[in-house]
Number of protein chains: 2
Amino acid sequence: MMQPEQKVDPRILRTRKLILDAFMTIAKTKDFASISIKDITDAATVNRATFYAHFADKYELLDAVLTDTFFKNMHEHLNCHDRLNEDTVANVFLAITRFQKELSVQWKKSYESFRPIIENKIKKDLEGLFYLLLTNQNLAVEKEKLKIWSVLLSWEIYGACTDWQQNSTLPAEKYIKTAMPYILQGMAVLV
Amino acid sequence: MMQPEQKVDPRILRTRKLILDAFMTIAKTKDFASISIKDITDAATVNRATFYAHFADKYELLDAVLTDTFFKNMHEHLNCHDRLNEDTVANVFLAITRFQKELSVQWKKSYESFRPIIENKIKKDLEGLFYLLLTNQNLAVEKEKLKIWSVLLSWEIYGACTDWQQNSTLPAEKYIKTAMPYILQGMAVLV
DNA sequence: GGCATTCTGTGGCTTACGCAACAATGGGAT
DNA sequence: ATCCCATTGTTGCGTAAGCCACAGAATGCC
């Protein structure tokens, strides 16, 4: 989003990465609740006090990990200069479902305890993403409305993902194609 | 050797490892002479000034890399509580030849410029190793003599390695078996 | 219940590292 | 020969990270 990204001390990046990597590794073998800060800092070969200089607690770390991995995943299939249209929505849907799949496989032991946190996180991120896309295509609509519509759209999409995951036997591509007319109908208010 | 190994700041170990790893990686693709300090520190994501806090120059780094890898290699086939005998000598010979082989393959681009440095280094290390083994088995011989005999033995063994590498077509195991009687004859002065 | 143990945040102090700037050296090109 | 640019070590200063010790909370065990 902001490309200048003014220089960050390399030590900060290094330590952050050490912590994130350590956490992701541990999450594969241990339940989230039973992971202690010490487990993480030991694995990261970082002092416990240093952890707290980067993150307030375990949950903030989880948040950061999700942001990193989710956005990484997202950007592989979407660039933020796209307009919000049928293709974009479909791509977002597919990226989310793929991401969830990956998480539940990679983080077997922790995924269940993560789920509600992940859900909120992704919806917030989505909301921000949609809002960004919408403002970028300068429509003649007040920002207030765009904000709310972003919320609606993010819940809608995320709901679709959850439903697909839990109840559907369709391939993701089919599912989203089926859902698309309804979504587009809602988005039509934009133009 | 010394097992207490009083605690070292983890940052030092980390930085050192980053530098060593970076160097070994670069050595695969570039000639030693053409590797700059900046190349190394960039790859290691470490500041150039930090490099100089750890090593005086490129050669000291090379020295450290060799020590680490050589001793690692050596200890896999030998423990320092062994006595100095036929088996030990044979193991050392094989460890060295294996190590040289590995280097020349791994560090294609740099090996030739390394060679003389490596040679001195290994002989020094060998000398220390032999001296250690000899003193450990408390013989009734002055230290002064043990020191000199360690030198002779290390040159002898290293010479054998070089000759094998350059002139011999025998398998290393055969070669050392052939050379062994002569070496043992020399060592007989010890008992 | 009580007791011991582990974990969590936090603060004060020390140390290692990053940064920018420097003079000195050494090719390489024209 | 001259200029140019890159590399080499070195320095002083600011900041991130390590270390230790602490009190309070949580957990487990009997």
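For clarity, every value in this text was computed on a predicted model and none was experimentally measured. So you know, we letter chains A, B, ... as the sequences are listed, proteins then strands, and number each from 1. Side chains are part of it too, since the values below use all heavy atoms of this structure and drop only hydrogens, waters and symmetry mates.
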> Relative to each other, are the rings of B:F93 and B:Y175 parallel, tilted or perpendicular (30° and 60° limits)?
Replying inline: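 Rings of B:F93 and B:Y175: parallel, as their planes differ by under 30°.
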>> Expected output is a numbered-order residue list: members of residues 42-55 of chain B with a heavy atom under 4.0 Å from any atom of DNA chain D. What is it?
In response: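 Residues of residues 42-55 of chain B that come under 4.0 Å of DNA chain D are, in numerical order, B:R48, B:A49, B:Y52.
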>> Can you confirm if the NZ or CZ of A:K121 lies within 45° of the ring axis of A:F70 and under 6.0 Å from the centre of its six-membered ring?
In response: no
> Under a criterion of less than 4.0 angstrom to any heavy atom of chain A, what are the 5'-terminal and 3'-terminal contacting nucleotides of DNA chain D?
Replying inline: D:dG14 to D:dC19
>> Quick check against the 3.5 Å criterion: does A:K58 have a side-chain atom that pairs as donor or acceptor with the backbone of A:S36?
In response: no
>> I'd like to know if the side chain of B:W164 and the backbone of B:I176 have a donor-acceptor N/O pair within less than 3.5 Å.
In response: no
>> With nearest nucleotide decided by heavy atoms, which residue, A:A56 or B:L13, maps closer to the 5′ end of DNA chain C?
In response: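 That would be A:A56.
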>> If we check side-chain contact (heavy atoms from CB on, under 4.5 Å) with A:Y52, which of these qualifies: A:I37, A:T41, A:D57?
In response: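 Among A:I37, A:T41, A:D57, the one meeting side-chain contact (heavy atoms from CB on, under 4.5 Å) with A:Y52 is A:I37.
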>> With a sphere of 6.0 Å drawn around CD of A:Q185, does it hold more than 12 non-hydrogen atoms of other residues, nucleotides or ligands?
In response: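 Incorrect, the count does not exceed 12.
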>> I need the NZ-C1' distance between B:K58 and C:dT25, as an integer number of Å.
In response: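 From B:K58 NZ to C:dT25 C1': 15 Å.
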> Between B:I19 (CD1) and C:dC17 (C1'), how many Å, whole number?
Replying inline: 11 Å
> With no hydrogens and no angle check, do the side chains of A:N85 and A:T88 hold a donor and an acceptor under 3.5 Å apart?
Replying inline: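 Yes.
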> Is there side-chain contact between B:T29 and B:W107, with heavy atoms separated by less than 4.5 Å?
Replying inline: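 B:T29 vs B:W107: side chains apart.
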> Contact class for B:R16 (heavy atom, under 4.0 Å): base, sugar-phosphate, or nothing?
Replying inline: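 B:R16: no heavy atom of the nucleic acid under 4.0 Å.
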>> Is it the case that the base of C:dC17 and the side chain of B:R11 share a donor-acceptor contact (distance under 3.5 Å, atom types as modelled)?
In response: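 Answer is no: no donor-acceptor pair is held.
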